[in-house]
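Here is the structure we will look at.
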Amino acid sequence: MQKSVLMITQGKEYLKKMGPAWIISAVACGPATLASVSTAGARYAYGLLWVVVLSALFGTTVQYLAAKIGVVSGKGIIRATEEHLGKTWAWILTIDALIATWLAAMVLMNALSGITSVLTGIQTPYWGVFFGLVIGGLLVGGGYRWFESLCKLLVVCVVCCFVMVLFMSSLNAQEILSGLIPQFPGGMGSALLSAAIMGGAVHITIIGMHTYNVNARHWNTNDLGLARFDTVLSMGFAFGLYSVAIFLVSAAVLHPNQVSVTKATDAAMALAPLLGTSAMMVFLIGLFTAAFSTIAPTFLAGAFFLADKMHWPLSVKDRRFSGVILFGCVLSMLGPFIKTSFYLLLPLMLALGLTGTPLVIAIILYLLNKTDLKNRAPNNFFLNAMGVLTLLVTTFLALRFVITKIS
């Protein structure tokens, strides 16, 4: 009885203090994941459900490992790599992270511009210039948080709509169970979407960014239990619910009606059983807010990586740090000039990001098992095994995507 009371008290305390992993979860629950899981469900029914489930499981694992690196080393991933592996590996990781992060920013800006064009009826790539200036100004000058909170609230509303449609849908229990068994439908589409779904939760940008988030909270080894609670609740539960609900609705609603999802308006039909003619508008607003609340942390992540490598202060008060944010904003303005459906670009962005992710996972596992860091908070066998399994599966899916793309 006393133990139960103690656990409840600790749980309440954790609920008050948690936060860093929810920032990561909000980024993971972005438009790219939505596009990837909805397209996969519409195209392959329940066939890729196992990837969706594993993405939540592995995302939880690797984000906790990232939090542990930040807590145990007291530094971000770039500086920790430099101190324990040398400058060469630190530069390799920095370049890898920046390429993946700025590529994501360009595609997200393409999506933000494209959605705005649909909503307003004004078709122009110069929406990217407008949003780049606005977001850059808000990040550097402050005042972004309140709008980000509004965006996240609207995304939650859209997710609730998907959950409600889920209960209205005719789900095939036998096919759901068979979808949990790994299978590999042939073709480029299967390889791309499998890599994209995994890349939504296991991506070098959010893994690296999380090491800085926990440092910003000044967490230490006494807070590892809190970090685990924070990660399981945000990535395991919230992100898992987000991705699985959207996937199952797409498999149950879009696939039987042979809807080939190639643009956002196709995916919006998944909400039609609940919202009718309003489905399109609600879906597009949710997609817009998901893109807006995801792109700003991406700019910050790029600044964290480069500033940490250059040993600059990790604060917008430093002009060099702010300069990197603004550079990312300007670079992202080129995204809307890519002439293709943004809904198809989003999964491609995640798949490409996954190809650069095994490096950061391998480095994190190495550092956490290195003698000086290991002695502070050793990984147990289960955590190491899950980390290695995450590394192997993500490497396999990334290589499968690259080989299929080349061939």
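In what follows, every heavy atom counts, from backbone to side chain, and hydrogens, waters and symmetry copies are set aside. Because the structure is predicted, anything quoted here is derived from the model rather than measured.
- Judged purely by atom type and a 3.5 angstrom limit, D318 uses its side chain to pair as donor or acceptor with the backbone of F321.
- Between the S332 side chain and the C329 main chain, a donor and an acceptor come within less than 3.5 Å of each other.
- When side chains are defined from C-beta on, L49 counts as touching L248, because their heavy atoms get closer than 4.5 Å.
- No side-chain heavy atom of V159 sits under 4.5 Å from any side-chain heavy atom of V156.
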Kindly determine whether Y343 and S38 satisfy side-chain hydrogen bond (donor to acceptor under 3.5 Å, both in side chains), including the steps that lead there. CA-CA 10 Å; Y343 212 72; S38 62; 2.9 Å; yes
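- The closest donor-acceptor contact from the side chain of E83 to the backbone of K75 lies at 3.5 Å or more, if one exists at all.
- Ring pair Y242/F162: centre-to-centre distance not below 6.0 Å.
- Side-chain N or O atoms of S113 include none that pairs as donor or acceptor with a backbone N or O of M109 at under 3.5 Å.
- The salt bridge (charged side-chain N to carboxylate O under 4.0 Å, His left out) contacts involving residues 251-280 comprise K263-D266, where partners must be two or more places apart or lie in separate chains.
- The aromatic rings of W127 and F130 sit perpendicular to each other, their planes meeting at more than 60°, with 30° as the lower class boundary.
- Side-chain N/O atoms of R79 and S73 include no donor and acceptor closer than 3.5 Å.
- Around CZ of R320, the count of heavy atoms belonging to other residues, nucleotides or ligands within 6.0 Å exceeds 12.
- S55 places a side-chain N or O within 3.5 Å of a backbone atom of V52 that can act as its donor or acceptor partner.
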Show your reasoning for whether side chain to side chain contact (heavy atoms under 4.5 Å, CB included) applies to L300 and F305. CA-CA 9 Å; L300 286 171; F305 297 141; over 6 Å; no
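- The backbone N or O of T294 sits less than 3.5 Å from a side-chain atom of T298, completing a donor-acceptor pair.
- Between Y126 and F337, the ring centre distance stays below 6.0 Å.
- The number of heavy atoms from other shown groups lying within 6.0 Å of CE (M333) is above 12.
- Aromatic rings of W50 and F184 (six-membered ring for Trp) have centroids within the 6.0 Å cut-off, being under it.
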Under the side chain to side chain contact (heavy atoms under 4.5 Å, CB included) criterion, do F237 and T60 qualify, and how do the steps go? CA-CA 9 Å; F237 177 73; T60 303; over 6 Å; no
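- Classification of the F131-F292 ring pair by plane angle, with boundaries at 30° and 60°, yields perpendicular.
- Atom CH2 of W312 is surrounded by more than 12 heavy atoms from other residues, nucleotides or ligands within 6.0 Å.
- A heavy-atom distance below 4.5 Å is found between the side chains of S169 and V165.
- For the pair T394 (side chain) and L391 (backbone), a donor-acceptor distance under 3.5 Å is present.
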Please assess R43 against S190 for the test side-chain hydrogen bond (donor to acceptor under 3.5 Å, both in side chains), listing each intermediate value before the final yes or no. CA-CA 9 Å; R43 188 174 300 181; S190 168; over 6 Å; no
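- Here the shortest heavy-atom pairing between L344 and V261 reads CD2-O, 4.3 Å.
- Test L34, T33, L108, T39 against L346 for side-chain contact (heavy atoms from CB on, under 4.5 Å) and you get one pass: L108.
- Two residues are said to be in side-chain contact when any heavy atoms from C-beta on lie closer than 4.5 Å; N379 and K68 meet this criterion.
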